[in-house]
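As structure tokens, the structure follows; a few thoughts come after it.
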Amino acid sequence: MGKYYITTAIAYTSRKPHIGNSYEIVLTDAIARFRRLQGHDVFFLTGTDEHGQKIEEYAQKAGVTPKEYVDKVAAEIRGICDLLNTTYDKFIRTTDDYHEKAVQNIFKKLYEQGDIYKSVYKGHYCVPCESFFTDSQLVDGKCPDCGGEARDTSEEAYFFKLSKYQKQLEEHIEKHPDFIYPESRKNEMLNNFIRPGLQDLCVSRSSFKWGIPVPIDEGHVIYVWIDALSNYITALGYDPYDECGDLYKKYWPADVHIIGKDIIRFHTIYWPIMLMALGEPLPEKVYGHPWLLFGTDKMSKSKGNVIYADDLIEVFGVDAVRYYLLSEMPHANDGSITYESMIERYNSDLANTIGNLVSRTVAMVNKYFDGTLPCNTCSEPIDDEFKATILSALPAVEKAFDEFKIANAAEAVLNVAKRSNKYIDETYPWLLAKEEDKKDRLSTVLYNLVESIRILAVLLKPFIPATSDKILAAINTDIDDYESIKTFGAIPAGSSVATCEPLFARIDAQKFIDELIAKNEAQQEKEKKVIEGLAPISIDEFAKVELRVAKVKACEPIKKAKKLLKLTLDDGSGEDRTVASGIAQWYKPDDLIGRNVIVVANLQPATLCGVESKGMILAGGEDEVKVIFVDDIEVGTKIR
RNA sequence: CGCGGGGUGGAGCAGUCGGUAGCUCGUCGGGCUCAUAACCCGGAGGUCAAAGGUUCAAGUCCUUUCCCCGCAACCA
């Protein structure tokens with residue numbers, strides 16, 4: 001068994017991580033634990049991505065320095081990784097000094113060999129929004145945010161010659177069909193990005209400061225690509241100019257990068273090209289896992305289906321959360337997560353199948369034999385099929401892990417417990433116990449069960465490590481190596497079991513949901529009172545708002561906009577006024593034509609989906625929006 | 001035609017290279033009493049979104065249509 005280097009994407013420290021990040025690290029941890037169990041020398045890397053404009057802004061809002069800000073969030077993220085009982089070997093932060101130094105050297109080297117060059121980044125700048133836009137971002141040549149003029153501008157920046165390596169990358173991907181996984185992603189990358197031709201990549205910014213400085217040019221910072229992606233090698237002590245550390249020599253190239261499907265492009269195009277330019281080997285595989293979504297319904301607090309990782313852990317415990325994430329997530333499609341399905345899986349798989357199996361078996365050994373089984377020699381033909389089924393789990397689990405189908409692996413493990421429960425019904429131990437001359441048979445049956453439970457516990461290690469340890473303690477064994485579960489019968493005859501507390505207490509789903517809803521409602525109530533009411537304004541300030549009654553002359557949906565209706569209003573001024581309003585979900589054009597509404601007449605115009613909107617009409621409501629109609633007030637009347 | 005993912009028994013999902021439609025939960029009936037109202041067995045329930053095509057054979061391949069869900073763009 002050789003080395004195995006596995007990584008997660010590094011988490012962006014803009015805010016507290018959501019369940020999606022948690023899924024990724026649990027997934028990666030399960031794989032890392034499984035490979036260790038197999039005997040691989042595993043190095044498991046995770047960490048945080050801490051630079052960029054967004055963080056600069058968040059820090060400013062919070063009134064702290066960027067460094068103070070990321071220190072806090074990085075600690076939170078690391079806390080959640082620990083809470084989830086993940087066994088990362090290193091936690092890298094892109095603000096670590098060795099990383100910053102190595103990144104600067106990487107940049108310098110690429111610049112010196114001509115793969116990075118200085119050029120001009122052309123774009124458009126909107127002064128009021130203080131934002132840059134490319135040609136394609138502009139809407140009708142105007143600022144997509146405010147609809148104002150965006151003036152042509154340009155700034156100096158550094159570019160990375162992706163185009164130079166395009167051919168080489170294409171060849172690599174074709175020669176290594178497993179490089180991008182699952183395969184559907186491979187074609188997506190080749191067809192959409194690589195074959196049409198790669199644009200050189202802008203790798204520096206001068207519009208913000210919070211980043212690693214470009215070593216040869218003080219006004220610029222290194223943009224996210226080179227900074228973040230290179231964490232996979234800097235964490236191992238890579239340096240383009242220096243002797244690389246032992247870790248690097250030992251573990252690089254990575255066996256797999258585990259990432260979300262949204263960043264596949266960066267990991268299968270930019271990253272390999274960077275490595276090619278540096279003359280370093282490429283990772284074996286990039287696995288883009290699917291997303292974890294919240295529920296099937298729309299997210300709604302009152303329904304109790306908004307879900308956070310640490311809340312879940314608090315209620316269900318770490319292993320239940322780990323098991324749920326690993327077993328519920330499909331391999332290719334996005335998975336959804338709800339309290340209902342969580343409880344269902346918890347009760348049926350963990351409490352009923354696994355927990356109860358251990359409980360009833362240990363109880364029988366204690367009850368019938370005082371905890372010590374005298375023999376395991378009285379076999380019957382029915383045992384053979386049982387043992388064969390138990391042993392067949394391992395190859396199935398191996399295959400599933402090889403294919404990154406972790407939910408399938410979990411299912412194969414669960415089958416060990418299911419088959420064992422069935423074996424109890426097949427052998428009637430409670431009847432054997434009533435006949436004195438069946439003691440040997442009874443002992444053998446229980447021995448087989450204890451052994452299958454041991455195999456189950458070992459197989460559960462990657463998924464629910466703490467529970468696995470509890471089970472091993474309950475059957476009083478420390479034989480938990482990979483070899484020992486390839487054959488049946490590692491537990492010596494005459495060994496004893498301990499006792500065990502229930503591993504997972506059943507949860508009453510209805511009661512749980514009711515309590516949750518009550519809790520959420522209470523919290524919402526609280527939040528409402530805080531939010532309610534803005535700061536008082538004077539009558540003069542109110543007078544700055546011009547409200548006028550207007551008649552809807554015409555109305556039509558705006559193409560390409562789901563929510564917008566375009567209204568043509570007669571506001572008494574003699575000129576038609578066009579207003580876009582986000583009420584398409586609730587009103588059809590015919591509902592509005594001919595009716596009088598109140599329009600905010602002196603609102604600054606804005607362009608929405610290509611329509612210039614001058615003003616807005618008054619409407620209110622949360623889930624269902626109602627327009628305020630004033631059919632009995634004359635058109636043009638000012639509202640006070 | 002903005003990008004993407006989907007429509008398979010009541011719910012959630014598998015279904016490889018086309019070859020008898022499976023799994024979990026629920027439900028109904030039965031069994032059992034070692035165990036956490038758990039465990040085991042059996043039944044019911046599907047024209048695989050629709051139409052057309054290719055084929056000896058289509059959930060699977062091709063074409064068209066309908067419907068959901070994310071993302072993007074806007075709820076001025």
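Only a predicted model underlies this, so the values are computations on that prediction, with no experimental measurement involved. In what follows, chains carry the letters A, B, and so on, assigned in the order in which the sequence lines appear, proteins first and then strands, with residues in each chain numbered from 1.
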>> Tell me the interatomic distance from A:N408, atom CG, to B:U16, atom P, rounded to whole angstroms.
In response: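 Distance, rounded to whole Å: 13 Å.
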
Per-pair distances, 0.1 Å, donor-acceptor, side chain in residues 495-502 of chain A, under 3.5 Å, sequence neighbours excluded:
{"from": "A:S495", "atom 1": "OG", "to": "A:P492", "atom 2": "O", "distance (Å)": "3.0"}
{"from": "A:S496", "atom 1": "OG", "to": "A:T372", "atom 2": "OG1", "distance (Å)": "2.9"}

Heavy atoms under 4.0 Å, any strand shown: does [X] hit a base, just sugar-phosphate, or nothing?
X      : value
A:F504 : base
A:K367 : sugar-phosphate
A:S581 : sugar-phosphate

For [X], all residues meeting side-chain contact (heavy atoms from CB on, under 4.5 Å), sequence neighbours excluded:
X      : result
A:K399 : A:E403
A:A433 : A:Y368, A:L442
A:K553 : A:D570, A:D576

> Does A:D437 have any salt bridge (Lys or Arg N to Asp or Glu O under 4.0 Å) partners at least two apart in sequence or in another chain, and if so, which?
Replying inline: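 Salt bridge (Lys or Arg N to Asp or Glu O under 4.0 Å) list for A:D437, sorted by chain: empty.
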
>> Using the ring pair (Phe, Tyr, Trp, His ring centres under 6.0 Å) criterion, which residues pair with A:F266? Sequence neighbours excluded.
In response: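 A:F266 satisfies ring pair (Phe, Tyr, Trp, His ring centres under 6.0 Å) with A:W225, A:Y270 only.
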
Name the pairs: protein N/O against N/O of nucleotides 24-29 of chain B, kept only if under 3.5 Å.
{"from": "B:C25", "atom 1": "O2'", "to": "A:E344", "atom 2": "OE1", "distance (Å)": "3.3"}
{"from": "B:C25", "atom 1": "O2'", "to": "A:E344", "atom 2": "OE2", "distance (Å)": "3.3"}

>> In this structure, which stretches of RNA chain B are paired as stems of three or more consecutive Watson-Crick or G-U pairs, both distances less than 3.5 Å?
In response: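 Stems found: B:2-7 with B:66-71, B:10-13 with B:22-25, B:27-31 with B:39-43, B:49-53 with B:61-65.
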
> Out of B:C34, B:A76, B:U36, which has the shortest distance to the side chain of A:L503?
Replying inline: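 Nearest nucleotide to the side chain: B:U36.
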
When the side chains of residues 423-432 of chain A are checked against the rest of the protein, which donor-acceptor pairs come out under 3.5 Å, sequence neighbours left out?
{"from": "A:Y423", "atom 1": "OH", "to": "A:D383", "atom 2": "OD1", "distance (Å)": "2.8"}
{"from": "A:Y423", "atom 1": "OH", "to": "A:N448", "atom 2": "ND2", "distance (Å)": "3.1"}
{"from": "A:E426", "atom 1": "OE1", "to": "A:R419", "atom 2": "NH1", "distance (Å)": "3.3"}
{"from": "A:E426", "atom 1": "OE1", "to": "A:R419", "atom 2": "NH2", "distance (Å)": "3.3"}
{"from": "A:T427", "atom 1": "OG1", "to": "A:Y423", "atom 2": "O", "distance (Å)": "2.8"}
{"from": "A:T427", "atom 1": "OG1", "to": "A:I424", "atom 2": "O", "distance (Å)": "3.4"}

